[in-house]
Chemist: 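Got a structure here, written out as structure tokens. Questions coming.
Chain A is the first sequence line, chain B the second, and so forth, proteins listed ahead of strands; every chain is numbered from 1. The analysis underlying the following values was restricted to heavy atoms, covering all of them including side chains, and did not include hydrogens, waters or symmetry mates.
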Amino acid sequence: MMQNNLYKAKHRLWLEVLFASFAVNDEAIKSRLYEFSLIAFRHMKWIGNEILACGNDYNYDRDAMMLYKRESVFELVQALKNAVAKTQALYPQTPLGERLRTDDAYLMEYLSQILKDSGNNKEITAFGMQRKWENKNLDKEQIDALTMFLFEESYKEYELILVYAYMQARTDIALHYNVFEDLVAESHFHLKSFGNMMAKMGILALPRELHELTYHIKDLNQFVHDGIAEEEAAKEMCRELSSAVKDEELSKFFDFINFQESYHIELMKKLL
Amino acid sequence: MIRIFNPILVCIRLKRTKIHLKLHTKRSIMDNIQLPEGMNPEVLSHLMNPQNYGKLEHASGVGVAVDEKTGEYVIFYTLLNEGDTIEDVRFATNGCQDTVVVGSMFTEMIKNNSTSFAQEAIQKMNAKLGGASPQQQICADMVLSAFVASMINYENLQEGKKEEMHVLKMKESCEVQDDAK
């Protein structure tokens, strides 16, 4: 029978793979690890569904998790490999368990391939706290604003992914299910964007753990209204940041995110 | 600037906890209380790795401060030992990063200290918040109120009342920011 400890382990592994993808500078490895992180997230979803089908429940608790603040790609990949290996023992002897095992075996093989090429062993700069953006001349005020924005929004996107996924798993209304699916996908993209930006600035950090008060939603209408207000606030932050950061490329990016938030509001209205 | 953080309100809440405030005549370490001022390395460190974040099993008291207008909350877990010392604390929030930084700093400040020290810390923080932005004041108020709520919960449990957690509703909301600027 699927249990919460497996869900917690997969939640942890999803974050480990995801944040490893943010931390690595090599675009090919980054992209591949990100794909594996999405697979791990689907694993979470399936495990969660089986737990619910058994009449049990899962939560988003994390046991004292820290990021792998490693200095080289090899150190990070080795740590990740160990984490994947450790999780394998928890998989049940079911079709889903078999799928989890074979996916992870392929991930392990990919990690092993990275370790065979010494050219991959580059320095990790994602945790250096240098707070600089290469090739961009941002002053301290702009860097501070960008830093705060990234911390606020990376947590918020992580929160939204988990809250929407939690609600998606518990709805039997097709429209709601589809809206949550879209919102989760959108937040994945935003978290990826912000996580990579944090890594670029040397401030990559794990979003804080969600308390159940955040995802045990008792009133969907209130939740949607609060969510719309939050999206409006995020749009305002994007607007402010876009005008504060005197860089065309970054300004365009924040405008782009701002427009995406507008459509999230429309999606959320469908839940009312 | 509209003064949103209300020291009188906190004092009233403190009286409700029936914890007697013992004023120290000598200058305490709380004279060195630091609040988030800009993006310095200490603030960045609290942002990247908030201290005492999460849940605490077997807490003596659990308190929540909630802003009903925005749905933001802070939940505070306090574990007291027999000698009135705050043995351990945890907090969690769905609020902004200011709340996280204040919560991280405040919990570090009161952990392994007495409840009277904690109350003095609240008053000191309160005094220092006069110069903070309205949003920081509200965020800090939520953290402090959640701690106070945890103490109320502790006392209610001591009196035999059945209460999973004590909830305090915030009078001021983060939504007022535009008016306050």
Chemist: Do other residues, nucleotides or ligands put more than 12 heavy atoms under 6.0 Å from the CD atom of A:E71?
Modeler: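 Atom CD in A:E71 is not crowded, with 12 or fewer foreign heavy atoms closer than 6.0 Å.
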Chemist: Under 4.5 Å from any heavy atom of chain B, what part of A:Y155 do you find: side chain, backbone, both or neither?
Modeler: side chain
Chemist: In Å and rounded to the nearest 0.5 Å, what is the CG to CG distance from A:L150 to B:L47?
Modeler: 11.0 Å
Chemist: Look at atom CG of A:N221 and say whether more than 12 heavy atoms of other residues, nucleotides or ligands are closer to it than 6.0 Å.
Modeler: yes
Chemist: For A:L204, is it the side chain, the backbone, both or neither that has a heavy atom under 4.5 Å from a heavy atom of chain B?
Modeler: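 The backbone, not the side chain.
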Chemist: Passes side-chain contact (heavy atoms from CB on, under 4.5 Å), A:D226 versus B:K69? Steps please.
Modeler: CA-CA 8 Å; A:D226 289 347; B:K69 210 167 177 182; over 6 Å; no
Chemist: In this structure, which one of A:E212, A:E209, A:H211 forms a side-chain hydrogen bond (donor to acceptor under 3.5 Å, both in side chains) with B:K55?
Modeler: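 Going through the options one by one, the only one that passes is A:E212.
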Chemist: If you count heavy atoms of other groups shown closer than 6.0 angstrom to CD of A:E75, is the number above 12?
Modeler: yes
Chemist: By a 4.5 Å heavy-atom criterion (distance strictly below it), what part of A:M148 contacts chain B: side chain, backbone, both, or neither?
Modeler: both
Chemist: More than 12 non-hydrogen atoms from neighbouring residues, nucleotides or ligands closer than 6.0 Å to NE2 on B:H58, yes or no?
Modeler: no
Chemist: Counting only heavy atoms closer than 4.5 Å, note whether A:E159 contacts chain B via side chain, backbone, both or neither.
Modeler: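 The side chain, not the backbone.
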Chemist: Determine, stepwise, if the pair B:V100 / A:F151 fulfils side-chain contact (heavy atoms from CB on, under 4.5 Å).
Modeler: CA-CA 11 Å; B:V100 176; A:F151 274 103; over 6 Å; no
Chemist: Quick check for you: to the nearest 0.5 Å, what is the distance between A:M237 atom CE and B:C96 atom SG?
Modeler: 9.0 Å
Chemist: Any side-chain heavy atom of B:N94 sitting closer than 4.5 Å to one from A:Y215?
Modeler: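 Not touching, per the 4.5 Å side-chain cut-off.
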Chemist: If you look at every heavy atom in B:L44 and A:R131, which pair is closest and at what distance?
Modeler: CD2-CD, 3.8 Å
Chemist: Within this structure, what is the CZ-CD distance for the pair A:R208 and B:Q97, rounded to the nearest 0.5 Å?
Modeler: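 Atom-to-atom, A:R208:CZ and B:Q97:CD are 5.0 Å apart.
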